[in-house]
Amino acid sequence: MQKSIRLLKIWKLCYEKRRSINELAEMCMVTERTIYRDLQALSELEVMIAYDRGYYVAQETPLPQLALTRIEQLVLTLALQNMPLHLDTELEDVVNGLLNKLLDRPVGNSGISLVSGPKSIHKGQVFTRLQKAVDNNCYVTLVEYQRLGGEIILNLTVEPYHLVFREQNWYLVAWSPRHENFRIFRMSRIVRLKEENTTFKPRMFDPKAYFKGSLGIVVDKQQRMIARFTGMAKEIVKKDGRFTEKDFQDNGDSLILDTVINGEIQWLRWLLGFGGEVEILQPPGMREKAARMLNEGLQHYQ
């Protein structure tokens, strides 16, 4: 469990009733030593938690009404929607209450709209259980997992390494002994999950390196890509934000992008969205795939 979420949970538990260190440790699935450190962290945040036959919230001082600007309200709403707080049932009501206050009291301007996105459904506290398995290097078995195309995978035991939020969903990155490779699993497609009692020796895994060059959640292999952009595409790509100056070569009427990519299919779909204002120069295999995708699309219009 992430520390920020755990601190909120400890506060809520101590607000409801007096709690012992052992009780807090069991409910948060951490050691008693960690709870002591968390209580110290809460005190540094000026949260008044006292002890008398158990820890409890000694005083709750409500914050004054905040006069949020439109952009502040937008940032706070999006942050609450994208944090994994709603995956813990004990904190879900708190998050929903905050979102209701933000969304039910819109700023006095019709030019901004705050719309809550679709909520992912995670059965059986999947997020919390996976986070515990990642922390403790414990195997988990995907008793039933539904792939995008509807195929059902049964009893796949994996080594969990990383939980990541991308493309409006939470994913698990795990090593699959069956496939002898790292695989990515969308949490909302995990129908049934089993935590194993056995542990594994962690492999070398760097999330930043693993996703380097990827547009989204698709990862296959890193490769160098060179593409030429013209017209409006040149200006859009130049100001995209995901590239650095060293990735560009501005030739006046065209822009050469030379970068390392990962997840070829997502890059192809992104590039082909620019139509005739982009040409893939390298690698040859990617250029051929782009031509094939364009020809197949053209068949529908001839």
Cationic N near anionic O, under 4.0 Å, [X] to [Y]:
| X | Y | answer |
| --- | --- | --- |
| Glu264 | Lys289 | yes |
| Lys12 | Glu16 | yes |
| Asp253 | Lys234 | no |

For [Y], does its backbone N or O pair with a side-chain atom of [X] as donor and acceptor, under 3.5 Å?
| X | Y | result |
| --- | --- | --- |
| Asp247 | Leu257 | no |
| Arg228 | Val278 | no |
| Arg287 | Ile280 | yes |
| Glu277 | Ala233 | yes |
| Asp135 | Lys132 | no |
| Asp240 | Arg242 | yes |

Problem set entry | side-chain hydrogen bond (donor to acceptor under 3.5 Å, both in side chains) partners of Glu32, counting only residues at least two apart | none

Exercise. Residues in side-chain hydrogen bond (donor to acceptor under 3.5 Å, both in side chains) with Thr34, at least two apart?
Worked result: Thr31, Arg37

Assigning hydrophobic clusters by single linkage (Ile, Leu, Val, Met, Phe, Trp, Tyr; side-chain heavy-atom cutoff under 4.5 Å), is [X] placed with [Y]?
| X | Y | answer |
| --- | --- | --- |
| Trp267 | Ile265 | yes |
| Leu281 | Val260 | no |
| Tyr139 | Leu172 | no |
| Ile256 | Leu272 | no |
| Val140 | Phe205 | no |

Hey, could you give me the [atom1]/[atom2] distance between [X] and [Y], rounded to the nearest 0.5 Å?
| X | Y | atom1 | atom2 | result |
| --- | --- | --- | --- | --- |
| Lys9 | Arg6 | NZ | CZ | 10.5 Å |
| Trp11 | Leu42 | CH2 | CG | 10.5 Å |
| Tyr51 | Cys14 | OH | SG | 11.5 Å |
| Arg19 | Arg53 | CZ | CZ | 15.5 Å |
| Gln223 | Thr259 | CD | OG1 | 11.5 Å |
| Leu8 | Leu13 | CG | CG | 11.0 Å |

Exercise. Regarding Arg186 and the six-membered ring of Trp170, is the cationic atom NZ or CZ under 6.0 Å from the ring centre and inside 45° of its axis?
Worked result: no

Exercise. Among pairs that include at least one residue of residues 213-237, which meet ring pair (Phe, Tyr, Trp, His ring centres under 6.0 Å), considering only residues two or more places apart or in two chains?
Worked result: Phe229-Phe274

For the residue pair [X] and [Y], establish whether any side-chain heavy-atom pair is separated by less than 4.5 Å.
| X | Y | result |
| --- | --- | --- |
| Ile35 | Ile10 | yes |
| Phe185 | Leu142 | yes |
| Leu130 | Leu163 | yes |
| Lys17 | Tyr56 | no |
| Trp175 | Val158 | no |
| Gln131 | Val126 | no |
| Leu39 | Ile21 | yes |
| Leu193 | Arg129 | yes |

For this session: Report yes or no: do Asp38 and Gln40 form a side-chain donor-acceptor pair below 3.5 Å?
Result: no

Exercise. When you check the side-chain N and O atoms of Thr157 and Thr141, is any donor under 3.5 Å from an acceptor?
Worked result: yes

Just wondering, are more than 12 heavy atoms of other shown residues or ligands nearer than 6.0 Å to [atom1] in [X]?
| X | atom1 | result |
| --- | --- | --- |
| Leu148 | CG | no |
| Glu180 | CD | no |
| Arg33 | CZ | no |

For this session: Just say parallel, tilted or perpendicular for the rings of Trp270 and Phe243, cut-offs at 30° and 60°.
Result: tilted

Exercise. Parallel, tilted or perpendicular: which describes the rings of Tyr161 and Phe182, with under 30° parallel and over 60° perpendicular?
Worked result: perpendicular

Exercise. Does the side-chain contact (heavy atoms from CB on, under 4.5 Å) test come out yes or no for Glu279 and Thr230, once each step is laid out?
Worked result: CA-CA 9 Å; Glu279 179 185 3; Thr230 58; over 6 Å; no

Problem set entry | Pair Leu255-Gln249, side-chain contact (heavy atoms from CB on, under 4.5 Å): steps then yes or no | CA-CA 6 Å; Leu255 182 74; Gln249 178 184 331; over 6 Å; no

Exercise. Could you walk me through whether Met286 and Leu271 pass the side-chain contact (heavy atoms from CB on, under 4.5 Å) check?
Worked result: CA-CA 11 Å; Met286 189 174 180; Leu271 289 164; 3.7 Å; yes

Which side-chain N or O atoms in residues 206-217 pair as donor and acceptor under 3.5 Å with protein atoms at least two apart or in another chain?
{"from": "Asp206", "atom 1": "OD1", "to": "Lys208", "atom 2": "N", "distance (Å)": "3.1"}
{"from": "Ser214", "atom 1": "OG", "to": "Arg166", "atom 2": "NH1", "distance (Å)": "2.8"}
{"from": "Ser214", "atom 1": "OG", "to": "Phe211", "atom 2": "O", "distance (Å)": "2.7"}

For this session: Taking all heavy atoms of Ala174 and all of Pro160, pick out the closest pair and write down the distance.
Result: CB-CA, 3.9 Å

Problem set entry | Test log, rule side-chain contact (heavy atoms from CB on, under 4.5 Å), inputs Asn197 and Cys138 | CA-CA 7 Å; Asn197 294 324; Cys138 289; over 6 Å; no

For this session: Using side-chain contact (heavy atoms from CB on, under 4.5 Å) as the criterion, list what pairs up with Ser20, not counting sequence neighbours.
Result: Asn22, Glu23

For this session: Would you list the pairs meeting salt bridge (Lys or Arg N to Asp or Glu O under 4.0 Å) in which at least one residue belongs to residues 136-148, sequence neighbours left out?
Result: Glu144-Arg192, Arg147-Glu151

